[in-house]
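Data block below; observations after.
For the single chain, residues carry numbers from 1 onward in sequence order.
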Amino acid sequence: MRRLFRRLLLGLCALASCAALPAAEFPWPGRGSLALTVPPGWDLTGHSIGGGGAFAFTARPKSGAAATLQITVAHTPPESPVDPARLTATLEAAVHDYLAGSVEQKFSPQPLALAQGSGVFVQFTDASLVGQPPQPDNFKVLRTAMIALDDHALALASLQFNDPTAREVGEMMAALASLRYTRTAPPAAAGPFRFSVAQSRLELRFPEKPAFSAEQVRDRYFLGHSAESRLTASGWFEPAERYGGLQKFWRGESAALTKNGFAPHGVEFARQGDWEVIHYHQDLPGDIRMCHLRAELVRAGTWIDLHLSATGAEPLAALRARLTAFLSALVISEK
C-alpha cells in the first residue's frame, strides 16, 4: 500500500528490545523536543515540516528489508486540544479509503502500549497484492496508529511491510512505543524581530504587535512563531539571480511536497502588495487543516522567500485571513 496521507505516529509492544538503547533526540523549534529509539541496523531521519507546525520521522532497515516506519507529529492550536476519547473515530476516518480494498474488510482498532500518551492502531492487508511477488515501495500490509502525546501533540504513524511475522515489524513497534515529546515554553519576546544578512541591502522588520518570537536564526534563514496570531513563519534571503519566477519556483516546491506525501490542495496564485503569493492547504485528521502562504519578493538584488502556516479547525478563509494579515504587517526597508 502506498504511504498514507501524512503518516503521523506510534505503535506498540516489544519495548524491552529498545529500552536499553539511547534515544535519538530531535529539537522541534518553538515546540520542544522529540525522542525516538530505533535498534542498531536502522537509519532514522527527522525534520521539521509545514513551517515548524509538524515534525516528520522516517526509519528504514539498513539491510534493505521490506519495512518502512513513517511518523508525523503535529502541534494543534490552542483552541483545538487533542481529545484522546476521539482517537479511534479520527483513526477510522483517516483509514476509511483502505477498507474496501483490504482482506480484513472491517475496522478493528487495538490499543497501543506506549512510553507516553495513549493511542490505537489498525492493520490492513492489500487484497490485490496477496499471492503476488514483492514490489519495491508497494507494501502488502499497512499498520496505522493514532496517538495523543499530550493535549496539543497529535501523532499518526504508518508501518508498511510484507510479512507480519518479520523481525522488523516488532522493531518498528518498539520504536513507536519509545516516542516521547517534551514541551518547552517559548522564549520571551525581546522587542520586534528584524532579519537581514550582510550581503543584502534589505531588512525585514516584524511588527511589535502581533509579537513574533524567533527560535532559529542562522546564515540566510530564520524560523519562529507568533502566539498572538497563532502561526509559524520562516524565511530565507537569497541572491536575486537564484529566483526563476513564481511558476518555476512552485513547480519545484510542489513536486517536493508531493514526493514526501504532503500533496498541496487548493493551490491559488495571488498578489499581495509587492509580494507574489501562493496559497495552499493540507488536510489533517480530525477536521484539522494546515493552511500555508508562500510569499516571494525580489528587490535591490535580494530574493526574499517567506513561508507562513497556520493550523486549526476554522474555515480555510479564516486561516488564510490570519496569514495575509500577518504578511501585511511586515515591513521591508533598505539599510
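Side chain of S196 to main chain of L202: a donor-acceptor pair is present (N/O by atom type, distance under 3.5 Å, no hydrogens or angles). Listed for the E168 side chain is no donor-acceptor partner under 3.5 Å among the backbone atoms of A65. Although no hydrogens or angles enter the test, the distance criterion places a donor-acceptor pair under 3.5 Å between the side chain of R289 and the main chain of A313.
In this structure, the separation between CZ on F193 and CG on L204 is 8.0 Å, given to the nearest 0.5 Å.
In this structure, the side chains of H75 and H225 stay at 4.5 Å or more apart for every pair of heavy atoms. Between L223 and T232, the closest side-chain pair of non-hydrogen atoms falls below 4.5 Å. Side-chain atoms of Q199 and R220, non-hydrogen and from C-beta on, do get closer than 4.5 Å to each other. With a 4.5 Å cut-off on side-chain heavy atoms, L179 and L114 do not count as touching. At least one side-chain heavy atom of L87 sits under 4.5 Å from a side-chain heavy atom of L154. Looking only at side-chain heavy atoms (C-beta outward), Q116 and Y181 come within less than 4.5 Å of each other. Taking 4.5 Å as the limit, some side-chain heavy atom of R271 sits within range of a side-chain heavy atom of E276. Looking at heavy atoms from C-beta onward, L293 lies out of side-chain contact with F326 at the 4.5 angstrom threshold.
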Side chains of residues 245-257: which donor-acceptor partners sit under 3.5 Å, not counting sequence neighbours?
| unit_1 | atom_1 | unit_2 | atom_2 | d |
| --- | --- | --- | --- | --- |
| E253 | OE1 | R294 | NH1 | 2.9 |
| S254 | OG | W250 | O | 2.8 |
| S254 | OG | R251 | O | 3.3 |

>> Applying side-chain contact (heavy atoms from CB on, under 4.5 Å) to I147 and L176, what does each step give before you reach the verdict?
In response: CA-CA 10 Å; I147 305 294; L176 287 175; over 6 Å; no

>> Between L330 and F206, is the side-chain contact (heavy atoms from CB on, under 4.5 Å) condition met? List the steps.
In response: CA-CA 5 Å; L330 303 181; F206 286 70; 3.5 Å; yes

>> With side-chain contact (heavy atoms from CB on, under 4.5 Å) as the criterion, how do I304 and W275 come out once you've worked through the C-alpha distance, each side chain's angles and the decisive distance to 0.1 Å?
In response: CA-CA 9 Å; I304 302 178; W275 296 93; 3.8 Å; yes

>> Would H292 and S309 count as a side-chain hydrogen bond (donor to acceptor under 3.5 Å, both in side chains) here? Give the steps.
In response: CA-CA 4 Å; H292 301 264; S309 63; 4.7 Å; no

> What's the verdict on side-chain contact (heavy atoms from CB on, under 4.5 Å) for T88 and F107, showing C-alpha distance, side-chain angles and the deciding distance?
Replying inline: CA-CA 10 Å; T88 298; F107 177 74; 3.8 Å; yes

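Contact detail for S226 and A211: the closest heavy-atom pair is OG-O, 2.9 Å.
Side-chain polar atoms of Q70 and Q160 form a donor-acceptor pair below 3.5 angstrom.
Between R183 and D151 a salt bridge is recorded (basic side-chain N to carboxylate O distance below 4.0 Å). A salt bridge does not link E203 with K335: every distance from a Lys NZ or Arg NE/NH1/NH2 to an Asp or Glu carboxylate oxygen is 4.0 Å or more.
For F195 and F222, the ring centers are positioned less than 6.0 Å apart.
The aromatic rings of H307 and Y280 sit tilted, their planes meeting at an angle between 30° and 60°.
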